[in-house]
Amino acid sequence: MHDKIRLANTLYHQDTLKTQKYTFNVGDTINVHVKIQEDDKERVQIFQGVVLGKKKEHSPEGTFIVRKISSGIAVERIFPFVSPNIAKIEVLREGKVRRAKLNYLKDKKGKSAKVKEKIKVVQKEKQEKI
Amino acid sequence: MTGIIGKKIGMTTVFDTKNNKQLPCTVISVEPNFITQIKTKEKDGYDAIQLGYGKKKNVSYPLQGHFKKANVEPCATITEFRGLMLSAPVLGKAVHCQEIFEEEEYIDVIGTSKGKGFQGVVKRHGFSGVGGQTHGQHNRERAPGSIGGCSYPARVFKNMRMAGQTGNKRVGVANLKILKMMPKENILLLQGSVPGARNSFIILKK
C-alpha cells in the first residue's frame, strides 16, 4: 500500500479507528457483538459463527468473514476490522485448520462441515524451575 | 471557474460511521500549485489563470523562459482555468487546495483514462457479438455485423460505432464528494473513482 493511502486512511479514521487488535484466528468460533442503532436507542446483537477467512488484517481496509447456520440457512457476514460497530469479539472455540480460507466448508454438509477443535497442550510454567 | 491540479495516488476504502457504510474512495495528492501566467481581458481577450504542478528536469528553452518570467521552478504540467479564481492573483504565488475547496463539497474531476489500445466493437462499444459459435457461425463471433444499407444511402453514416483506439482519452467525472482534506499532508480524499492510472495528473474543478 502506498504511504499516502495509508496516511489518508488513518487520518480519516482518527476518531473512530480501533487501536485494539483482535486475537482470533481462522477456523475459530467467535461471538461478534454488533452495535445496532434503532432511532435513538442502541443495542447489541451477537453474531456467532466460524471465521472463514481474513483479508488484509494489518491494513485499515481489512475485513474478516464469519459464517453461521441460522435455522438451516447459512449466513455469511463481512466485518471490517476498523468497524466502530463492533463492541467486542469473544473467542468461544479454537479451530484446528490448515488453510487460510475455509471456503471448502460451504460445500460440506452435516458432520463434515465442522471444524475440529484445537487441543491445547498445557506446558508447565518455566518460572518454577528457576 | 476555479480549480487545481492534482495527482492520483490510488484507491482505498473508509468506514462511514454516520451511515454504517464502507465507502470506496480515491486518494489524491495536491501539492501547492504555482501561478505561471495571468491572462487578462485587455491583453488576451479573456480572463484566466494558468497553474503549474509538479517538477520537471528537462524543459525546452521556450518553456524555461515562460517559467522564469513567473519566477517558478519548471513544472511537470500546466493547466489554464478560465475566470479569475483569486481576488488578487500574484504571478509565481503558490495556490493551496484549502483555498479553493471545502470539506464535504462536490467537485468535478478530469483525467486521462487508461489506454486499452485498438479494440473491437464488443469491448469498445458494448456490442453483444454474435452470441454463438455453432449453427455455421464460422469465425465471426465478435464481428459488428452490418454497418448500413447498399445502393441507398451508398455511404456509411458519420459516428458509426466501429473498432478503434480505446481509452487514453480525456474523461470527466462530475459530483465527487470531498470526504476529507488534509492540508498539512497535501492529501485529498474523494468518494468514488477517478479516471486514469496511478500517478497521472488530474484536474479538480469546482
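None of these values were measured; they are calculated from a predicted model. Each chain gets a letter, A, B and so on, in the order the sequences are listed, and its residues count up from 1.
With a 6.0 Å radius and a threshold of 12 heavy atoms from other residues, nucleotides or ligands, Arg93(A) has its CZ atom above the threshold. Within a 6.0 Å sphere centred on NZ of Lys68(A), other residues, nucleotides and ligands contribute more than 12 heavy atoms. Residue Gln37(A) qualifies as enclosed at atom CD: its count of foreign heavy atoms under 6.0 Å is above 12. Around CD1 of Ile78(A), the count of heavy atoms belonging to other residues, nucleotides or ligands within 6.0 Å does not exceed 12. Within 6.0 Å of NZ on Lys35(A) lie more than 12 heavy atoms contributed by other residues, nucleotides or ligands. Annotation: Arg98(A), atom CZ; neighbour count of heavy atoms from other residues, nucleotides and ligands within 6.0 Å does not exceed 12. Under a cut-off of 6.0 angstrom, the local environment of CD in Gln137(B) is crowded, with over 12 non-hydrogen atoms contributed by other residues, nucleotides or ligands.
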Only pairs under 3.5 Å count here: list side-chain donor-acceptor contacts from residues 106-116 of chain B, not counting sequence neighbours, and write none if there are none.
unit_1	atom_1	unit_2	atom_2	d
Asp108(B)	OD1	Asn175(B)	N	3.1
Ser113(B)	OG	Asn168(B)	N	3.2
Ser113(B)	OG	Lys169(B)	N	3.3
Ser113(B)	OG	Lys169(B)	O	3.3

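In terms of heavy atoms, Lys4(A) sits closest to Val27(B) at O-CG1, 4.1 Å.
If you take CZ on Phe15(B) and CZ on Phe81(A), they are separated by 13.5 Å, rounding to the nearest 0.5 Å. To the nearest 0.5 Å, the span separating CD1 on Ile5(A) from CE on Met11(B) amounts to 9.5 Å.
A donor-acceptor contact closer than 3.5 angstrom is absent between the side chains of Glu61(A) and Thr13(B).
Interface with chain A: from residues 180-201 of chain B, residues Lys180(B), Met182(B), Glu185(B), Ile187(B), Leu189(B) qualify, criterion being any non-hydrogen pair under 4.5 Å.
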